[in-house]
Amino acid sequence: MESRVNVCLSRRELLKRTALAGFAVVGAPVLAACQPAAPAPASAPTAAPQATSPAPAAPKPTTAPATAKAPAGKLVIALSVEPDTLENWKAYSTDGHPVLRNVQEALLNRDPVTNELVGELATSWEQVNPTTWRFKLRQGVKFHNGDPLDAEGAAFGLNYTWSPQNNFEIMAYIGPQLTAKAVDSSTLDVVTEQPDPILPSRLYFSPLPNPAQVKNDPKSLPVKPIGTGPYRFVEWAKGQYIRLTANPDWWGLAAPKDAHGEITIKDVDFIFRAESPVRTAMVKAGEVQFARFISPEEAKTTPQGVSAPSVETVFLRLDTMHTAMKDQRVRKAIALSIDKQGVADKLFGGAGRPASQLVGPSALGYNADLKPYPYDMEQAKKLVADAKAAGVQVDAAITCATRRGIYLRHDEFAEYTANQLRTVGLNAKSEVVDPAAFNKQYSMPQKDILPTRGWITNNPHGNEIMDVSSTAQSYYRCAGAASTYCNEQLDKALAAALPLTGDKRVTALRAVTKMFYDDYGAVPVIHMDLNFGLSKTFVWKARLDGFMLVKEMKLQ
Amino acid sequence: MNVQLTAPGTRFAATGRGEFVRALLRDRVTLSALAFVVFVVVAAVGAGVVSPHDPYAQSLLLRNEGPMTPADQGIAHILGTDALGRDQLSRLIYGSRISLTVGLASVLVSGVLGTLLGLLAGYYRGRADDVIMRVVDVQMGFPSLLLALVILYGAGSGFLNVVLVLAITRWTVYARVTRSLTLSLRETAFVDAARAIGCTNRRIIFVHVLPNLLSPLLVLATMEVATVILTEASLDFLGLGIQPPESSWGLMLAQGRQYITTAWWLVTFPGLAILLTTLSFNLLATWVRAVTDPVQRWRWLGVRQSSP
């Protein structure tokens with residue numbers, strides 16, 4: 001008895017102490033965090049002191065256009081995902097480029113209207129021999145820390161970004177490797193192992209880092225980007241906002257013709273809201289002036305909804321090694337069972353057009369002769385029946401898999417696909433897979449995929465390079481990083497097409513596209529439009545590549 | 001503690017079944033709660049007969065149509081259609097199957113498990129008590145939804161797993177209540193008497209102790225049904241419970257969430273279904289508690305408190 005009482009007492013004592021400690025640990029930081037967090041980024045207006053005013057930037061510029069052209073006002077942009085790093089190579093990705101492309105610049109950019117390549121940090125460029133491109137650098141460009149940009153630094157930056165040792169993600173998306181070297185202080189040579197006629201398109205995705213920062217302070221690279229761009233990085237409060245401010249020393253101020261834009265807005269905040277209804281509501285309430293990636297229906301409810309074509313194409317990637325899907329009739333049946341027009345008009349709210357191939361008309365090598373696969377359920381049913389009669393196991397399990405959150409309504413589209421396939425006589429179910437597990441399956445080398453997996457993934461594919469070769473190398477050939485299709489003839493034709501230029505290249509790539517189309521290697525569904533919600537006073541034209549350059553934006 | 005410390009069997013002697021029914025009829029709130037529960041149960045059991053449409057039949061043309069939209073064939077879509085053009089009412093009805101089965105099944109499993117362990121701990125004390133109650137303490141210190149998520153993440157989602165997970169996370173409540181009541185019951189005169197005439201421990205537990213626990217446990221279980229339905233909806237909402245194309249209320253909420261500004265009916269009706277069902281179970285639990293409480297029940301039953 002004695003001992004039991006002791007045990008009880010000590011336990012009670014223990015509980016008491018734990019509770020106290022728990023309150024101390026949990027309570028203190030919560031209380032502390034509440035105070036600075038309250039007047040958070042969204043509502044913090046232009047000048048810091050008056051931090052409680054609810055309506056932030058919108059009215060500011062209209063009331064103060066005062067001195068001639070001095071940038072004024074504050075722009076708040078709502079994105080869906082916070083980038084995990086602000087290293088320069090991240091600029092290839094949708095979550096990286098909104099911030100990075102305003103801070104850092106690449107040798108080339110695209111004209112916002114004509115979509116042609118134009119000089120940014122380079123003023124001219126030429127191919128001096130099949131494997132070498134020569135770039136002339138712009139004079140008088142300064143990094144935000146005052147360092148001048150010269151050919152030596154630019155070469156260092158490119159070699160760092162594209163180094164096989166570093167092996168940054170950009171390599172996987174727009175590889176292969178390249179090497180840069182300075183010829184003189186303002187001339188730069190970029191060399192590839194194989195002839196690469198589309199090298200400039202790849203370099204336009206690769207902004208230059210500050211060489212001194214890379215050498216001396218590599219730890220600051222992910223959190224404090226230094227570039228040459230029109231906006232300087234100010235601060236990144238993780239989980240809250242990323243803040244930029246106008247760069248008074250930007251080279252573009254002295255060369256307005258080459259700048260392809262001007263600085264009219266002084267401060268820029270990027271904030272992150274995962275839910276599209278939240279982003280929409282923030283535009284409506286005037287808390288932000290720009291919300292990206294909302295649904296077409298939501299865009300219509302904002303003061304200024306913009307729906308703009310993009311380079312993204314939604315398609316079904318078929319496991320062509322699957323017991324049933326290795327049969328061309330089954331693949332054709334799948335292609336016929338999707339109502340592309342209906343999906344575009346209804347499921348995606350009109351924000352898209354039926355697609356006949358994995359790239360849009362903007363890509364070099366786009367084959368305009370191909371029509372989207374028709375929608376014909378009766379024929380699809382017949383094809384499945386034929387395949388069954390011919391001994392194909394059409395009841396082999398198929399999974400319409402999709403990565404959680406990959407794009408708007410991906411889950412509904414997967415459910416729709418599975419339902420259509422069941423209707424034509426295939427054994428399909430849909431599944432939303434978490435990103436890590438999905439990526440592991442998705443990027444599995446083709447030879448490791450079992451014939452029992454039977455995945456049909458619905459993905460958006462963006463051909464930002466605007467050349468069919470990058471799509472074909474990833475998705476059409478046997479060794480492609482994301483390919484589930486293998487056809488040796490196509491591989492040969494593609495390999496022969498890669499070094500070609502001009503009309504020959506176009507013809508060869510169109511032929512490759514047709515080979516893939518005729519064999520039902522995948523099912524292109526729609527070319528997707530992207531939807532943005534803007535405030536009333538906001539002036540901006542969406543770009544095909546999806547870049548959000550503040551120098552192209554204005555607040556009236 | 002309003003535990004009646006008399007021998008079992010005498011408790012309901014003073015009141016007949018008719019008085020319960022009459023009390024129920026007088027109490028409109030409880031009556032409507034009961035009616036709603038019955039309504040949901042009937043819908044769930046007869047889903048195949050009562051639902052106006054095939055809950056899986058999609059139609060792109062009828063996407064996100066509002067309530068009372070005419071259907072291609074048959075009755076109009078009374079509660080509208082969802083993002084894939086499926087009939088919302090039919091999906092709600094089929095969803096009630098999931099919610100109710102999960103709710104009742106996991107309450108049954110966790111109730112039996114928790115009560116047995118609580119009885120062991122409370123009756124035998126000693127080591128069994130220490131071990132069981134420490135496990136309860138540890139588990140109660142753990143957020144139950146988080147625990148459920150972790151287990152489901154490892155074991156995979158699906159109907160059976162959801163039931164088991166909910167049972168595993170909720171048994172501690174029963175164990176605690178049972179133990180505390182057993183602790184006081186085992187010291188009562190009638191248990192002493194039973195022991196004195198040579199009853200085995202098992203007989204004492206099941207014949208003399210357990211029947212005295214039934215009324216508080218019944219109240220607890222009724223409230224737990226509501227909690228479990230809510231938790232199940234949360235799990236579905238988070239994507240780890242029932243998987244599409246099956247329908248459940250939580251899943252319907254999750255799927256309708258992105259249209260909350262443009263198609264209100266997608267979240268309103270599943271939300272209402274969850275709200276009304278859990279509310280009804282809670283109201284029923286309150287009523288059961290009141291009428292089985294010897295001190296309070298005379299108010300409810302409208303009879304004079306019978307002297308024991």
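Because the structure is predicted, anything quoted here is derived from the model rather than measured. Protein chains get the first letters and strands the later ones, always in sequence-line order, with residue 1 at the start of each.
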Checklist entry - What distance do B/Arg86 atom CZ and A/Glu415 atom CD have between them, rounded to the nearest 0.5 Å? => result 4.0 Å

Checklist entry - Most heavy-atom pairs under 4.5 angstrom with chain B, which of A/Lys300, A/Arg422, A/Arg409? => result A/Arg409

Next on the checklist: Less than 3.5 Å apart, any donor N or O on the side chain of A/Glu297 or B/Gln258 sitting next to an acceptor on the other?
Outcome noted: no

Item to check | B/Tyr56 portion near chain A, given a 4.5 angstrom heavy-atom threshold | outcome: backbone

Next on the checklist: So for A/Asp434, is it side chain, backbone, both, or neither that comes closer than 4.5 Å to the heavy atoms of chain B?
Outcome noted: side chain

Next on the checklist: With rounding to the nearest 0.5 angstrom, report the CD to OH distance, A/Glu298 to B/Tyr259.
Outcome noted: 9.0 Å

Next on the checklist: Could you report the tightest heavy-atom contact between A/Leu347 and B/Ala83, atom names first, then the distance?
Outcome noted: CD1-O, 4.1 Å

Checklist entry - Roughly how far apart are A/Tyr416 OH and B/Arg63 CZ, rounded to 0.5 Å? => result 12.0 Å

Item to check | Trace of the side chain to side chain contact (heavy atoms under 4.5 Å, CB included) decision for B/Gln243 with A/Lys429 | outcome: CA-CA 10 Å; B/Gln243 295 297 316; A/Lys429 66 177 172 67; over 6 Å; no

Checklist entry - So what's closer than 4.5 Å to chain B heavy atoms on A/Val343: side chain, backbone, both or neither? => result both

Item to check | Side chain / backbone / both / neither for B/Leu60 at chain A, heavy atoms under 4.5 Å | outcome: both

Checklist entry - At what distance, to the nearest 0.5 angstrom, does CD of A/Glu412 lie from CG of B/Asn64? => result 7.0 Å

Checklist entry - Rounded to the nearest 0.5 Å, what separation is found between the CG atom of A/Asp339 and the CG atom of B/Leu61? => result 7.5 Å

Item to check | Heavy atoms from other residues, nucleotides or ligands near CD1 of B/Ile260 exceed 12 (cutoff 6.0 Å) | outcome: no

Item to check | Shortest non-hydrogen contact from B/Gly239 toward A/Arg404 | outcome: O-NH2, 3.9 Å

